[in-house]
Amino acid sequence: MALNASELNAGDTYTERLVEDLKRTQIVMYAGASGDYNPVHTDEVFTTEVAGYPSVFAHGMLTMGLTGKMLTNYVGDGRLTEFGVRFTNQVFPGDTLDATATVVGVEDGIVELNVATVNQKGVQVAMGTAKARVD
Amino acid sequence: MAVEKFKVEASHIMMFARAVGDANRIYHDEDYAEGTEPGSIIAPPTFAQASAQFDPDYSLRPPIDGDGWFGSGGKPSGAKPREGSGGGGGGGGGGLHAEQRFVYHRHIRPGDVLTATNKPGNTWERESRRAGKLTFSESVTEYRDQNGELVITATGVGVRTERPVDQG
């Protein structure tokens with residue numbers, strides 16, 4: 001399952017569809033599992049009337065968690081050594097997300113990846129880097 | 001966030017994996033997991049964030065009696081988010097998550113009992129066209145296991161926006 005260093009080249013990419021038509025219930029599930037009950041993620045009244053957003057929106061950490069699924073599917077279970085992202089745009093119910101890992105290079109048994117997640121409009125919602133052990 | 005005892009349980013990992021839409025059997029099927037390279041169930045890479053469940057004073061969880069919670073009931077409650085909470089951003093008076101980084105020294109497994117210690121990092125400001133003045137603050141959380149070994153180093157950056165982020 002793990003990647004083989006000899007088969008990796010800078011610029012190689014791996015892409016996965018993370019979610020299609022993100023459901024509000026998925027955001028509720030993430031709130032429940034993570035313990036982050038910030039009402040901007042599940043409480044439409046608060047979010048539109050008090051916080052001033054058009055609707056509830058996903059936790060950044062849900063976007064990161066979904067993106068992590070792409071990464072672990074690519075590099076293999078238990079292989080990640082680093083994973084970081086910046087949240088560059090909010091993710092709203094109904095969004096469809098795709099994530100791509102791009103090989104930067106391989107050194108000392110570690111592959112360095114650029115990571116980017118975009119929505120259905122092609123707008124980047126998260127970008128960052130990851131490292132993983134390879135064979 | 002600082003947490004004295006984060007007991008990692010297989011059922012919690014299963015629920016967390018479902019919440020991030022990950023059907024990988026290594027997160028819920030012990031028999032399958034035995035045959036994988038890690039050799040047991042492990043947690044998905046962002047699971048450490050669920051330590052919030054074990055912070056007795058976590059500001060983004062309603063108090064047991066709901067008193068003072070800033071989310072709405074029938075109508076907006078009018079309560080303000082507690083200081084240090086993510087809050088609503090912009091008009092909500094709180095903040096948003098700007099960045100998160102994890103360094104994995106090993107991966108979390110059921111049975112681990114983690115402690116999390118937190119120290120503040122840098123703060124900085126930036127002007128944004130979409131949300132006015134942004135105030136960033138970084139914090140570094142170290143997750144250690146029952147043997148005192150470092151498992152994950154997590155760096156989070158929160159941002160307070162002057163106004164809600166313009167979606168235009």
Side-chain angles (χ1 to χ4, degrees), chain A residues 1-2 18-19 22 26-47 49-54 57 59-69 71-73 76-90 92 126 128-132, chain B residues 12 15-22 24 26 33 36-38 42 44-47 49-55 58 60-62 69-78 81 85-94 96-107 155 157 163-165 167:
Chain A
M1 272 238 320
L18 303 180
V19 65
L22 175 69
Q26 184 86 41
I27 300 174
V28 170
M29 287 169 75
Y30 187 78
S34 69
D36 179 346
Y37 300 101
N38 190 332
V40 294
H41 304 305
T42 57
D43 180 339
E44 193 77 9
V45 172
F46 174 85
T47 308
E49 295 182 20
V50 181
Y53 285 96
F57 52 91
H59 306 71
M61 290 307 297
L62 172 54
T63 301
M64 188 176 188
L66 290 163
T67 303
K69 170 177 63 168
L71 275 178
T72 49
N73 285 344
D77 297 324
R79 290 285 183 138
L80 275 182
T81 59
E82 291 184 28
F83 177 26
V85 295
R86 282 197 297 125
F87 303 109
T88 50
N89 277 287
Q90 282 156 291
F92 289 92
T129 57
K131 290 182 181 177
Chain B
H12 191 190
M15 290 187 280
F16 190 92
R18 281 181 185 158
V20 295
D22 198 331
N24 189 332
I26 197 166
T36 63
E37 184 180 76
I42 56 172
T46 61
F47 179 75
Q49 198 72 7
S51 61
Q53 301 277 17
F54 301 88
D55 176 350
Y58 187 54
L60 293 175
R61 180 176 65 241
W69 178 240
F70 64 104
S72 62
K75 290 184 290 190
S77 71
S85 69
L96 300 169
H97 203 162
E99 186 172 346
Q100 184 68 38
R101 298 191 296 276
F102 294 104
V103 175
Y104 307 99
H105 308 283
R106 72 168 173 84
H107 288 272
T155 303
V157 179
R163 54 179 190 269
V165 182
Q167 301 297 319

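All values derive from a computational prediction rather than experimental measurement. Per chain, numbering begins at 1; letters A, B, ... match sequence-line order.
Note: A/Met64 CE to B/Gln100 CD = 6.0 Å, rounded to the nearest 0.5 Å. Of the inter-residue distances, the one linking B/Thr36 atom OG1 with A/Asp77 atom CG reads 6.0 Å to the nearest 0.5 angstrom. How far OG1 of B/Thr46 is from OH of A/Tyr30: 5.0 Å, rounded to the nearest 0.5 Å. Once rounded to the nearest 0.5 Å, the distance linking CG of A/Asn73 with CG of B/Asp22 reads 6.0 Å. Between the OH atom of B/Tyr58 and the OH atom of A/Tyr37 there is a distance of 10.0 Å, given to the nearest 0.5 Å. Here B/Phe102 contributes atom CZ and A/Glu82 contributes atom CD; the two are 12.5 Å apart, rounded to the nearest 0.5 Å.
Comparing B/Trp69, B/Phe54, B/Phe47 by how many heavy-atom pairs each has under 4.5 Å with chain A, the most go to B/Trp69. Between chain B and the residues A/Asn89, A/Ile27, A/Leu71, A/Thr47, the most heavy-atom pairs under 4.5 angstrom are made by A/Asn89. Counting heavy-atom pairs closer than 4.5 Å to chain B, the top-ranked of the candidates A/Ala33, A/Pro54, A/Ala126, A/Gly84 is A/Ala33. Interface remark: of the candidates A/Thr63, A/Leu66, A/Thr67, A/Leu66 forms the most heavy-atom pairs closer than 4.5 Å to chain B. Ranked by heavy-atom pairs under 4.5 Å with chain B, the list A/Glu44, A/Arg79, A/His59, A/Lys131 is led by A/Arg79. Contact tally against chain A (heavy-atom pairs below 4.5 Å) for B/Ser77, B/Ala17, B/Gly78, B/Gly21: the top residue is B/Gly21.
Heavy atoms closer than 4.5 Å to chain B are found in the backbone of A/Thr88, but not in its side chain. Proximity to chain A (any heavy atom under 4.5 Å) is shown, for B/Arg18, by both the backbone and the side chain. Interface remark: A/Gln90 contributes side-chain atoms only to the contact with chain B (heavy atom separation under 4.5 Å). Both the backbone and the side chain of A/Asp36 come within contact range of chain B, judged by heavy atoms closer than 4.5 Å. Only the side chain of B/Gln167 comes within contact range of chain A, with at least one heavy atom under 4.5 Å from a heavy atom of that chain. In this structure, the portion of A/Glu49 lying under 4.5 Å from any heavy atom of chain B is its side chain and not its backbone. Both the backbone and the side chain of B/Pro76 come within contact range of chain A, judged by heavy atoms closer than 4.5 Å.
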- Trace of the side-chain contact (heavy atoms from CB on, under 4.5 Å) decision for B/Val20 with A/Leu62: CA-CA 6 Å; B/Val20 295; A/Leu62 172 54; 4.3 Å; yes

- Item | side-chain contact (heavy atoms from CB on, under 4.5 Å) assessment of B/Leu96 paired with A/Phe57 | CA-CA 11 Å; B/Leu96 300 169; A/Phe57 52 91; 3.7 Å; yes

- Message: Let's go through A/Leu80 and B/His107 carefully: what are the C-alpha distance in whole Å and the side-chain angles of both, what is the deciding distance for side-chain contact (heavy atoms from CB on, under 4.5 Å) to 0.1 Å, and is it a yes or a no?
- Response: CA-CA 9 Å; A/Leu80 275 182; B/His107 288 272; 4.1 Å; yes

- Message: Test side-chain contact (heavy atoms from CB on, under 4.5 Å) on B/Phe70 and A/Asn38; report intermediate values, then the result.
- Response: CA-CA 9 Å; B/Phe70 64 104; A/Asn38 190 332; 4.2 Å; yes

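The ring pair (Phe, Tyr, Trp, His ring centres under 6.0 Å) search around A/Phe87 returns B/His97, not counting sequence neighbours.
Across all non-hydrogen atoms, the minimal contact from A/Gly52 to B/Pro164 is O-CB, 3.5 Å. Here the closest non-hydrogen pair linking B/Ser72 and A/Phe46 is OG-N, 3.9 Å.
At most 12 heavy atoms of other shown residues, nucleotides or ligands fall within 6.0 angstrom of atom CZ in A/Arg86.
In this structure, B/Gln53 contributes its side chain and A/Gly32 its backbone to a donor-acceptor pair below 3.5 Å.
Between B/Pro44 and A/Thr72 there is no side-chain heavy-atom pair separated by less than 4.5 Å.
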